[in-house]
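Working notes, structure below.
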Amino acid sequence: MKNYTSTKSKILELLKSHHIISGETIAKNLKISRTAVWKHIKALQKKGYNIQSTPKGYILKNNHDLLTEEELSDLPYKVYFFQKVTSTMDIAKDLGEKGEEAIVIAETQTKGRGRMQRTWHSPSGGIWMSLLIRPSLSLKQAFLLTYIASLATAFAIEKITNIKVYLKWPNDVIYKLNKEEKKLAGILLEIKAEIDEIKYAVIGIGINVNNEISFLEPKAISLKEITGKIIQRKKIIKELIFTFNKLLRENPKEILNLWKEKSLTIGRNVKIIHPEGEIEGLALKLSEDGALILKTQQEKILKIYSGDCIHL
Ligand code: BTN
């Protein structure tokens with residue numbers, strides 16, 4: 001596992017494990033000069049850390065949900081964190097062209113995008129991230145990435161918040177509020193492939209955590225609204241990445257089984273909307289190549305690869 005721990009992360013570790021710590025002790029511990037310590041402290045303050053400088057040393061005041069590269073330095077990918085971007089998908093694609101693997105996270109997005117060319121509202125407080133990876137999968141197996149990402153997102157939310165969530169085809173994470181299905185998170189997959197090989201995949205994950213939900217999204221809900229608490233986003237991100245990497249090593253059949261178990265779609269009457277039109281039917285199962293198998297009222301069996309799904 002790669003280690004991306006920087007000097008700033010090490011300084012933060014020291015600050016977090018001491019109520020108060022002098023610049024001299026930090027300098028000795030990390031074998032750097034006191035001026036270097038001071039420069040790093042200034043930079044950390046700029047990133048939003050509330051570090052107070054007193055005659056006896058530095059004190060770090062807790063900020064419950066601060067998201068920075070340093071808070072995520074124990075992840076097995078390089079993390080790029082931005083306050084504001086157009087879309088993390090764009091940044092991740094540029095990095096993909098340069099041969100990297102990385103996680104791109106932003107506090108806000110000005111042009112966040114969802115599936116089917118929809119706008120994705122991305123105000124401060126949510127998790128807006130793109131995971132850039134180079135998986136050894138053929139193009140035909142690329143569909144697995146969205147199933148893996150939605151499962152990992154659902155499992156991570158459940159583990160960190162103790163609420164129960166479900167999946168809706170193709171990849172929405174749903175919370176049931178009374179009988180209503182509310183959207184907590186969504187996945188967007190963009191791929192660069194050559195012949196039959198994936199060069200890189202950018203998996204966009206948007207989770208409503210502590211952000212306000214726009215009145216334009218009546219079917220959305222946030223974890224803060226559900227739990228009444230501020231949730232630490234870094235905990236969800238770490239759990240999600242850990243689970244994603246674990247599921248990536250599973251065999252495809254097991255992924256589809258896990259997905260089916262968590263899904264509200266299989267066994268339901270659904271309407272699928274896609275650019276060519278609408279189809280209604282009973283959702284029977286997922287096929288081995290990732291399609292949703294529908295039985296229409298005329299008893300026709302159809303394989304659906306994309307579209308919006310409405311539970312009837
Ligand atoms: C959907 O359900 O339609 C998918 C939504 C995906 C949103 C995420 S937020 C991070 C990444 N950047 C984007 O612009 N979109 C994805």
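Every number for a ligand or one of its atoms is a count from 1 in the order of the listing. Remember, predicted model here, so these are calculated numbers, not experimental data.
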Requested in this report: Among residues two or more places apart or on two chains, list those pairs meeting side chain to side chain donor-acceptor pair (under 3.5 Å) that have a residue in residues 209-218.
Outcome: D65-N210, N208-N211, E212-K224

Requested in this report: Return the set of residues passing salt bridge (charged side-chain N to carboxylate O under 4.0 Å, His left out) with R134 (not counting sequence neighbours), or none when no residue passes.
Outcome: none

Report task. Could you work out the complete set of other residues in the hydrophobic cluster of F242, with links drawn between I, L, V, M, F, W and Y side chains under 4.5 Å apart? Result -> none

**Report entry** Amino acids in close contact with ligand 1, where any non-hydrogen atom sits under 4.0 angstrom away
**Finding:** S87, T88, M89, Q109, G112, R113, G114, R115, W120, W128, M129, S130, D172, K183, G186, I187, L188, G204, I205, G206

Query raised in the report: Between K238 and D74, is there a side-chain N and carboxylate O pair less than 4.0 Å apart?
Result: yes

**Report entry** Whether F143 and Y147 hold their rings parallel, tilted or perpendicular, with breakpoints at 30° and 60°
**Finding:** perpendicular

Query - F155 six-ring face occupied by K159 cation (under 6.0 Å, within 45°) - result: no

